[in-house]
Structures are given as C-alpha cells and as structure tokens.
Amino acid sequence: MILLPVGPAVIWAAAEHASACLQVPVAVPAAGLHLLATALWLGGLITLVLLLHRAPVGMRVRDCCTNE
C-alpha cells in the first residue's frame, strides 16, 4: 500500500524539468520525494479539515483529550 504512490511520483519526476538538469541522479529522486511529501501533507490537511468539520459545535480540545 505504501509503495503504490511511489511509481507515479517517480515517473512524474522523471518526466518533468528535474530530468533536464545536470544532476539528474540527484534531482529526479529529490523531485519524487517532494511530490510524495506534498501528497502526504495534502492528504493530512484534507483529513484535518474533514475531522474539524464533523466535530460537534461546542466541543473543545480539552474535552476530547482528558479522561475526566
């Protein structure tokens, strides 16, 4: 499951401007990692927005983090 997005990220990185520079062995993996990190960040942001949107109106952070 974790390796599934690696293929498209590497293919995309190899097809963009990273493959046209002088340091291709460094630029293509760096661009691939950048794409994966962006996808992870965006997925986390969407998850956070959905969770906050579904939270009850009067709920505070203190209410969900204590066992009292």
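This structure is a prediction, so every number in the text was calculated from the model and none was measured.
Taking each heavy atom of Gly32 and Ala13 in turn, the nearest pair found is N-CB, 3.5 Å. What you find for Ala31 and Ala18 is that their closest heavy atoms are CB-CB, 3.9 Å. The two residues Val24 and Pro29 have their closest heavy-atom pair at O-CD, 3.9 Å.
Once rounded to the nearest 0.5 Å, the distance linking OG1 of Thr38 with CG of Leu33 reads 10.5 Å. Here the straight-line distance linking atom CG of Leu36 with atom CH2 of Trp12 works out to 12.0 Å at 0.5 Å rounding.
Under a hydrophobic-cluster definition in which Ile, Leu, Val, Met, Phe, Trp and Tyr are linked whenever side-chain heavy atoms come within less than 4.5 Å, directly or via other members, Leu50 and Leu42 are assigned to the same cluster. Following chains of ILVMFWY side-chain contacts shorter than 4.5 Å, one cannot reach Leu45 starting from Leu40, and the two form parts of different hydrophobic clusters.
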